[in-house]
2 protein chains.
Amino acid sequence: MPLCPTRLEMVEVTARLCQMLGMPRSAGQIYGLLYLSPHVLGLDEIAESLGISKASASTGTRQLLAWHAVRQVWKQGDRKDYFEAQTDLAEVLRSNYAGFFRPKLENSQRRVGSLLASLESDRKSGAVEREEYQLCKERLESLARLQNRVQKLLPLAENLL
Amino acid sequence: MPLCPTRLEMVEVTARLCQMLGMPRSAGQIYGLLYLSPHVLGLDEIAESLGISKASASTGTRQLLAWHAVRQVWKQGDRKDYFEAQTDLAEVLRSNYAGFFRPKLENSQRRVGSLLASLESDRKSGAVEREEYQLCKERLESLARLQNRVQKLLPLAENLL
DNA sequence: TAATCCGTTCAACGCGGATTGAACAAACTG
DNA sequence: CAGTTTGTTCAATCCGCGTTGAACGGATTA
């Protein structure tokens with residue numbers, strides 16, 4: 001049976017949202033479908049409801065699983081995989097922080113650190129003039145300070161959500 | 001004259017950062033170049049330093065201008081456009097909030113509102129069963145509550161940066 | 001007016017990632 | 001064992017977006 005207009009619109013909204021965030025559109029469609037679904041859904045139902053291939057449904061659900069945005073459900077005596085949405089989006093963000101956002105942040109801090117180091121070696125090898133060296137150093141250090149503030153802010157925001 | 005290794009690395013870092021955020025790589029390169037530049041730079045200098053076309057330099061700088069990430073500078077008796085980086089990234093975020101993030105948020109709130117409205121009309125037209133209607137309503141309302149929390153949080157984060 | 005200089009615009013190209021059908025593997029069923 | 005059911009993998013394709021050279025327009029100068 002076809003979806004009611006509201007749910008169709010929801011699918012479109014989440015699809016566009018995902019696209020805007022640089023994530024695959026199909027994952028957004030699936031999440032929107034599950035978010036307003038009264039029942040858990042199997043792979044084939046998902047593919048048919050959305051008019052996408054079973055392959056897309058498979059890869060999409062696995063991505064959503066990796067992001068902890070959907071949960072897998074098994075029914076007794078049924079080999080099929082069923083899925084339901086993790087409707088608490090704040091919880092989705094929280095469970096992705098440690099595994100996704102935090103590593104990104106730490107990486108960027110390491111990179112700025114290595115930039116400061118390479119700046120020192122540039123200075124010693126004379127690859128940069130004194131004035132330029134000073135300016136680079138100041139700006140890189142200001143960048144490092146911003147990163148620290150962000151790293152302090154993120155866990156805070158996480159809790160307030 | 002060529003850039004020192006540190007600045008080359010900086011260009012690469014900001015380029016990848018921009019790419020990761022779904023923004024054009026060239027804009028990131030330009031920002032990285034300007035961020036550690038002791039002088040303001042003209043369009044041709046930018047293009048040549050980065051090995052990109054003048055067209056890319058033009059579109060890239062205009063995007064960065066729109067994001068308030070660079071400033072345009074004029075020299076007396078010189079028709080060329082010069083650019084310098086807005087090095088206070090927190091300020092960049094702040095000046096983009098009202099014109100970019102806030103409208104997005106408000107849009108998404110309107111969309112959820114219209115979803116709730118269309119749900120009501122679905123109910124009246126009998127396009128949705130009572131049970132499904134209840135579930136949809138609850139989840140959409142929970143979504144609206146999350147949006148409210150986000151909208152309260154963003155200005156806060158803005159100030160703490 | 002002709003000749004430069006600068007910046008923007010635009011059609012064409014290329015690249016990276018999303019999507020898909022088909023082949024495949026694994027677990028049942030008869 | 002042959003035949004289903006179900007999910008995954010993979011090469012091929014599609015598609016959107018960034019990039020570019022070339023053409024253009026405006027401003028300045030000779």
Side-chain angles (χ1 to χ4, degrees), chain A residues 11-34 39-67 69-84 100, chain B residues 11-34 39-67 69-84 100:
Chain A
V11 167
E12 189 56 29
V13 167
T14 51
R16 279 216 281 263
L17 181 69
C18 256
Q19 235 172 344
M20 216 174 55
L21 299 178
M23 293 159 172
R25 172 183 179 83
S26 58
Q29 295 184 87
I30 296 170
Y31 185 78
L33 178 67
L34 292 172
H39 332 95
V40 295
L41 295 179
L43 226 41
D44 288 317
E45 297 173 89
I46 293 174
E48 199 199 340
S49 296
L50 297 176
I52 63 179
S53 69
K54 199 173 51 162
S56 280
S58 174
T59 61
T61 50
R62 276 184 298 113
Q63 288 176 89
L64 290 169
L65 279 174
W67 302 334
V70 304
R71 278 186 294 257
Q72 202 159 0
V73 179
W74 287 277
K75 294 183 178 177
Q76 50 162 337
D78 192 337
R79 295 192 288 118
K80 281 168 74 172
D81 297 346
Y82 293 94
F83 299 91
E84 66 179 5
F100 184 74
Chain B
V11 167
E12 189 56 30
V13 166
T14 52
R16 279 216 282 263
L17 180 68
C18 256
Q19 237 173 345
M20 214 173 58
L21 299 178
M23 295 159 171
R25 173 183 178 81
S26 59
Q29 295 183 87
I30 295 172
Y31 185 77
L33 178 66
L34 290 172
H39 331 96
V40 296
L41 295 178
L43 224 42
D44 288 318
E45 297 173 89
I46 292 174
E48 199 199 337
S49 295
L50 297 175
I52 64 179
S53 69
K54 199 172 53 163
S56 280
S58 174
T59 62
T61 50
R62 274 185 300 113
Q63 289 176 86
L64 290 169
L65 279 174
W67 301 333
V70 304
R71 278 185 295 256
Q72 203 160 356
V73 179
W74 287 276
K75 293 183 178 177
Q76 50 162 339
D78 192 337
R79 296 191 287 119
K80 280 167 75 172
D81 297 344
Y82 292 93
F83 299 91
E84 66 180 3
F100 184 75

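Across the protein-nucleic acid pair, A:Arg16 atom CZ and C:dA18 atom P stand 19 Å apart, rounded to whole Å. Going from atom CD of B:Glu45 over to atom P of C:dC5 covers 16 Å, rounded to whole Å. Atom pair A:Ile30:CD1 and C:dA18:P shows a separation of 13 Å (rounding to whole Å applied). At whole-Å resolution of the value, CD1 in B:Ile46 and C1' in C:dG7 are 12 Å apart. Atom pair B:Tyr82:OH and C:dC5:C1' shows a separation of 12 Å (rounding to whole Å applied). For the pair B:Leu65 CG and C:dT8 P, the computed distance is 9 Å after rounding to whole Å. Following rounding to the nearest Å, A:Asp81 (CG) and C:dA27 (P) show an atom-to-atom distance of 13 Å. Going from atom CZ of B:Arg79 over to atom C1' of C:dA3 covers 12 Å, rounded to whole Å.
Put simply, CD1 on B:Ile52 and CD1 on B:Ile46 are 7.5 Å apart, with the number rounded to the nearest 0.5 Å.
Put simply, the side chain of B:Leu64 reaches to within 4.5 Å of the side chain of B:Ile30, judged on heavy atoms. Looking only at side-chain heavy atoms (C-beta outward), B:His39 and B:Tyr82 stay at 4.5 Å or farther from each other. With contacts defined as side-chain heavy-atom distances shorter than 4.5 Å, the pair B:Val11/B:Leu50 qualifies.
Remark: A:Glu12 engages A:Arg25 in a salt bridge, criterion side-chain N to carboxylate O under 4.0 Å.
Contact check of residues 53-61 of chain B against DNA chain D (heavy atom, cut-off under 4.0 Å) returns B:Ser53, B:Ala55, B:Ser56.
Here the rule is side chain to side chain contact (heavy atoms under 4.5 Å, CB included) with B:Val70, and of B:Leu41, B:Val40, B:Leu65 only B:Leu65 fits it.
Atom CD of A:Gln72 has more than 12 neighbouring heavy atoms from other residues, nucleotides or ligands inside a 6.0 Å radius.
With a heavy-atom cut-off of 4.0 Å to chain B, the contacted part of DNA chain D has its first and last nucleotide at D:dG18 to D:dT28.
Contact detail for A:Lys80 and A:Trp74: the closest heavy-atom pair is O-CD1, 4.1 Å. Pairing each heavy atom of B:Ala27 with each of B:Gly60, the nearest pair is CB-O, 4.5 Å.
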